[in-house]
Amino acid sequence: MKIHTTHLTIHPQGPFHFAATAYSHGWVVLLPNRWDAQKQILQRIERLPDGKVVRLTVRGTGTVAQPEIHIAVEHPGTLSAGEQKILLDLVGHMFRVDEAFHDFYELCRRKGGRWEKLGQGLGRLLRSPGLFEDIVKTLCTTNIQWGGTKRMVEGLVEAYGDSFAGDPTHKAFPTAEAIAAVPLEDFSATVRLGYRAEYVYTLARRIVDGELDLRSFWDRAITTPEMKKRLLAVKGVGNYAAATLLMLLGRHDELAVDSVFRQFVAKKYFPNTQPSDAEAQQIYTDWGEWKYLAYWFDVWEGFDEEV
DNA sequence: TTCCAGGGGTAGA
DNA sequence: TCTACCCATGGA
């Protein structure tokens with residue numbers, strides 16, 4: 001099949017830092033994302049609504065003050081204006097180009113020191129184009145080491161994702177329909193998700209059955225505490241996952257308390273003592289609605305290539 | 001072999 | 001609301 005390439009460009013409002021956003025947390029290396037650290041290019045397979053499967057090669061150009069995001073779309077056949085619009089919105093969503101960070105930057109400026117550098121277009125944490133993918137990936141980070149998360153996501157993409165015709169080894173993230181189409185027993189036996197298999201499967205099933213409308217999670221009229229309740233109603237989502245998902249929904253007020261958080265805060269702020277979760281969380285109280293980002297960039301400085 | 005990870009559900013107080 | 005106990009899986 002002949003593959004064509006169409007070039008698209010996004011003009012985010014600066015400050016915006018492409019590479020820092022792409023490489024802002026572990027999502028960048030979870031399939032179908034592939035990150036080339038040398039070239040600072042993000043590749044990803046995407047399935048369009050009509051089933052067409054395309055490969056996106058995304059790179060940052062311009063400057064932090066006047067940034068551009070360039071997208072090369074490899075696709076079979078033609079790419080309609082409507083499909084181009086979908087892909088522009090999708091990449092813009094991943095990189096949070098429409099999210100406002102002025103208040104966060106102002107807070108960082110007042111904090112001073114190492115926090116000030118976040119004002120150079122940082123603070124955006126990469127997300128997936130769709131919430132189904134972000135919920136599933138978040139479920140795959142619970143009670144497991146990072147290597148296990150990568151293995152489980154790989155398994156899901158390999159087993160249920162649609163292949164890109166130009167490179168059949170690179171597949172899209174599975175749709176809820178693709179997962180719900182098989183019996184739970186088959187799903188559990190195919191991808192080794194452990195007890196999480198039932199959570200992922202039930203989520204897919206409820207979406208396909210129209211029982212759960214993921215669009216409702218984007219309603220800005222709903223308060224964050226109420227939104228947290230709705231997230232906790234998803235089987236498999238507890239306090240940690242709810243806080244992570246709130247961050248992915250653009251709400252940064254809640255801290256994701258997990259083993260990494262506990263170890264980091266204890267080591268850095270409570271030498272020789274073991275703080276309770278409540279005491280550990282108090283470290284970030286004065287960051288208000290930006291607590292998640294304050295913690296994340298506090299801990300992220302110590303991360304290296306392994307993500 | 002045992003322990004436990006970027007936790008969460010459930011039952012019982 | 002808080003606590004024990006259980007939950008698959010695979011790396012350490």
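None of these values were measured; they are calculated from a predicted model. Chain letters run A, B, ... following the sequence lines, proteins first and then strands; every chain starts at 1.
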Parallel, tilted or perpendicular, as decided by the 30° and 60° cut-offs, for the rings of A:Trp115 and A:Trp287: tilted
Roughly, in whole Å, what's the span from NZ in A:Lys150 to P in C:dG11? 12 Å
Would you mind classifying the nucleic acid contact of A:Arg196 as base, sugar-phosphate or nothing, using non-hydrogen atoms under 4.0 angstrom? base
Pairwise P distance, C:dG11 and B:dG8 [rounded to whole Å]: 23 Å
Please report, rounded to the nearest Å, how far the P atom of C:dA8 is from the OH atom of A:Tyr201. 17 Å
If you measure only the distance, is there a donor-acceptor pair under 3.5 Å linking the side chains of A:Tyr240 and A:Thr141? yes
Do A:Asp134 and A:Trp27 have side-chain atoms, one donor and one acceptor, less than 3.5 Å apart? yes
For atom CH2 of A:Trp300 and atom C1' of B:dG6, their distance in whole Å: 12 Å
When you compare B:dG6 with C:dT3, how far apart are their P atoms, in angstrom units rounded to a whole number? 23 Å
Spatial distance of atom NE2 (A:His17) from atom CZ (A:Phe95) [nearest 0.5 Å]: 12.0 Å
Measure the distance from CG on A:Leu125 to C1' on B:dG6 and round it to the nearest whole Å. 13 Å
Expressed as a whole number of angstroms, how long is the span from A:Asp277:CG to C:dT1:C1'? 15 Å
Do the side chains of A:Arg114 and A:Asp298 get close enough for a salt bridge, i.e. N-O under 4.0 angstrom? yes
Locate the shortest heavy-atom distance separating A:Leu249 from A:Arg127; write the atom from each residue and the value. C-NH1, 4.1 Å
Ion pair present between A:Arg215 and A:Asp213, side-chain N to carboxylate O less than 4.0 angstrom? yes
Nearest whole Å is fine: how far is B:dA5 C1' from A:Leu139 CG? 16 Å
Polar atom pairs between nucleotides 4-6 of chain C and protein, under 3.5 Å, N or O only, would you list them?
none

Would you find a donor on one side and an acceptor on the other, under 3.5 Å apart, between the side chain of A:His170 and the backbone of A:Pro32? yes
Under a 4.0 Å heavy-atom criterion, the protein footprint on nucleotides 7-13 of chain B, written with B, S and -, is BSSS---
Do the rings of A:Tyr269 and A:Tyr284 sit parallel, tilted or perpendicular, given the 30° and 60° boundaries? perpendicular
Whole angstrom value for the distance that separates P of C:dA8 from CD of A:Glu198: 9 Å
Could you give the CE-to-P distance, from A:Met152 to C:dT9, as a whole number of Å? 11 Å
